[in-house]
**Student:** 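What follows is a single structure, and I will ask about it in a moment.
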Amino acid sequence: MSKHIAIGVDIGGSGIKAAPVDMRTGQFTEDRYRIPTPQPATPEAIGKTVAKCIQRFEPSRKTPIGVAFPGVIQHGVVKTAANVDDAWVGTNLRELIRDYAGHDVHVLNDADAAGYGEYRFGAAHGQDGSVFLATLGTGVGTAMIVDGTLVPNLELGHLTIDGHDAEDYAAESARARHDLDWDTWIPHLQRYFSEIERLFWPDLIIVGGGVSKSSHMFLPRLTLRAPIVPAELLNGAGIVGAAAAACAEDSKEKARAKEHAKRADKEAKKSAKRAEKASGAR
């Protein structure tokens with residue numbers, strides 16, 4: 001597999017999707033591979049399915065692989081799992097996938113992956129400052145990228161606004177649940193994004209999720225300081241972002257290893273000089 005290729009895997013409530021991504025263009029180099037999410041969506045069942053998705057593309061040992069998961073991830077460990085099995089909470093996702101796939105991976109929240117994908121190759125490509133992404137679907141997933149650095153696990157869809165969890169009315173699912181037409185849903189979006197601006201002052205706001213295909217029905221009617229635009233990568237954002245995040249982490253790990261080796265070599269030379277000096281003194 002080419003040195004420019006990384007593999008992204010996106011774990012969803014209904015399907016687990018994967019594809020190799022060219023890190024120069026953000027394009028899939030092979031057709032996306034999808035397997036229905038096993039039910040129940042236990043760690044073991046999903047671990048085996050993710051491994052099958054990864055092995056489909058026969059990655060080399062050096063190929064970066066990123067896995068996006070629908071929950072908060074800290075240091076590889078799942079902290080929340082609203083749309084999958086409760087057994088996930090406390091599971092080390094990175095170790096689980098490594099055990100099943102036989103390959104190390106980088107793991108991150110799915111909204112974070114989508115946001116990073118949009119930053120690298122989508123609507124926020126080349127954008128300086130802070131970028132805020134919200135995916136409006138069953139809930140509201142959020143991500144923030146500041147000068148190219150992802151701020152992980154910002155659960156800003158759960159802000160309390162007017163006494164309600166924000167996603168209770170701002171999520172796309174709320175339109176059906178509360179029988180809202182565009183005219184009655186848009187004020188809820190206005191209130192939500194205005195609160196995001198009040199708290200974080202983003203330079204750009206991106207709206208993803210399936211409803212972004214109808215962005216012309218609501219984005220032009222929102223009044224905000226920052227530009228607000230639809231996501232460009234659509235359903236591929238999680239895969240692309242996971243692959244890009246894995247590639248970035250791989251580069252960081254190599255840089256850390258190089259710096260560690262440099263320090264170790266420097267210390268070894270100092271020790272050798274001290275030993276030589278002590279030997280001469282005798």
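In this chain, numbering begins with 1 at the start of the sequence shown.
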**Student:** Given the rule that I, L, V, M, F, W and Y join up when any side-chain heavy atoms are under 4.5 Å apart, are L159 and V207 in one cluster?
**Tutor:**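 Yes; tracing contacts between hydrophobic side chains, which count when under 4.5 Å, links both residues.
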**Student:** Are T49 and P36 packed together at the side-chain level, in the sense that at least one heavy-atom pair is separated by less than 4.5 angstrom?
**Tutor:**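 Not touching, per the 4.5 Å side-chain cut-off.
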**Student:** Minimum heavy-atom separation for A111 to A143, with atom names?
**Tutor:**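 Closest approach of A111 to A143: O-CB, 3.4 Å.
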**Student:** Is there a donor-acceptor pair closer than 3.5 Å between any side-chain N or O of E197 and the backbone N or O of A226?
**Tutor:**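 Answer holds: yes.
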**Student:** Does one hydrophobic cluster hold both I11 and V78, with members joined at side-chain heavy-atom distances below 4.5 Å?
**Tutor:**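 Yes, one cluster joins them.
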**Student:** For side-chain hydrogen bond (donor to acceptor under 3.5 Å, both in side chains), just list the numbers for D165 and H158, CA-CA rounded to whole Å, side-chain angles, deciding distance to a tenth of an Å, and then say yes or no.
**Tutor:** CA-CA 5 Å; D165 191 303; H158 297 295; 3.0 Å; yes
**Student:** Return yes when atom CH2 of W182 has more than 12 non-hydrogen atoms of other residues, nucleotides or ligands closer than 6.0 Å, and no otherwise.
**Tutor:**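 More than 12 within 6.0 Å, yes.
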**Student:** Check P64 against I5 and note the closest heavy-atom contact, atom names and distance.
**Tutor:**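 That closest heavy-atom pairing would be CD-O, 3.7 Å.
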**Student:** Please find the pair of heavy atoms, one from V107 and one from G76, that lie closest to each other, and give the distance.
**Tutor:**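 Scanning both residues completely, I find the closest heavy atoms to be CG2-CA, 3.7 Å.
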**Student:** Would you please name every residue forming a salt bridge (charged side-chain N to carboxylate O under 4.0 Å, His left out) with E249, sequence neighbours left out?
**Tutor:**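 Partners of E249 by the salt bridge (charged side-chain N to carboxylate O under 4.0 Å, His left out) criterion, ordered by chain and then number, come out as R256.
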**Student:** Is the closest basic N to carboxylate O distance between K62 and D250 below 4.0 Å?
**Tutor:**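 Between D250 and K62 there is no salt bridge, as every charged N stays at least 4.0 Å from the carboxylate O atoms.
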**Student:** Less than 4.0 angstrom from a charged side-chain N to a carboxylate O is my criterion; do K270 and D265 meet it?
**Tutor:**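 Between D265 and K270 there is no salt bridge, as every charged N stays at least 4.0 Å from the carboxylate O atoms.
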**Student:** Checking side-chain hydrogen bond (donor to acceptor under 3.5 Å, both in side chains) for the pair R274/S271: CA distance, chi angles, key distance, verdict?
**Tutor:** CA-CA 5 Å; R274 286 194 294 267; S271 296; 3.1 Å; yes
**Student:** Tell me the closest heavy-atom pair linking M23 and A243, and the distance in Å.
**Tutor:**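 The pair with the smallest heavy-atom distance is CE-CB, 3.9 Å.
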**Student:** Do we see a donor-acceptor contact under 3.5 Å between the side chains of S215 and S212?
**Tutor:**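 No, no side-chain donor-acceptor contact under 3.5 Å.
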**Student:** Should the heavy atoms of other residues, nucleotides or ligands under 6.0 Å from CG of D86 be counted, would the total exceed 12?
**Tutor:**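 Open: at most 12 neighbouring heavy atoms sit under 6.0 Å from CG of D86.
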**Student:** State whether the side chain of H103 and the backbone N or O of Q55 hold a donor-acceptor pair below 3.5 Å, judged by distance alone.
**Tutor:**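 No; zero donor-acceptor contacts below 3.5 Å.
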**Student:** Of all the heavy-atom pairs spanning I206 and A123, show the shortest one and how long it is.
**Tutor:**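 Looks like CD1-CB, 4.0 Å.
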**Student:** Might you confirm whether atom NE2 of H125 has over 12 heavy atoms from other residues, nucleotides or ligands at distances under 6.0 Å?
**Tutor:**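 For H125, atom NE2 is not crowded (no more than 12 foreign heavy atoms under 6.0 Å).
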**Student:** So, are R191 and E195 salt-bridged, with charged N and O less than 4.0 Å apart?
**Tutor:**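 Here R191 pairs with E195 in a salt bridge, since their nearest N and O are under 4.0 Å apart.
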**Student:** Should we count CG of D31 as having more than 12 external heavy atoms under 6.0 Å?
**Tutor:**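 Not buried by this count: 12 neighbours or fewer within 6.0 Å.
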**Student:** Would you check, one step at a time, whether the test ring-ring contact (aromatic ring centres under 6.0 Å, His included) holds for F69 with W88?
**Tutor:** CA-CA 11 Å; F69 181 85; W88 274 102; 4.8 Å; yes
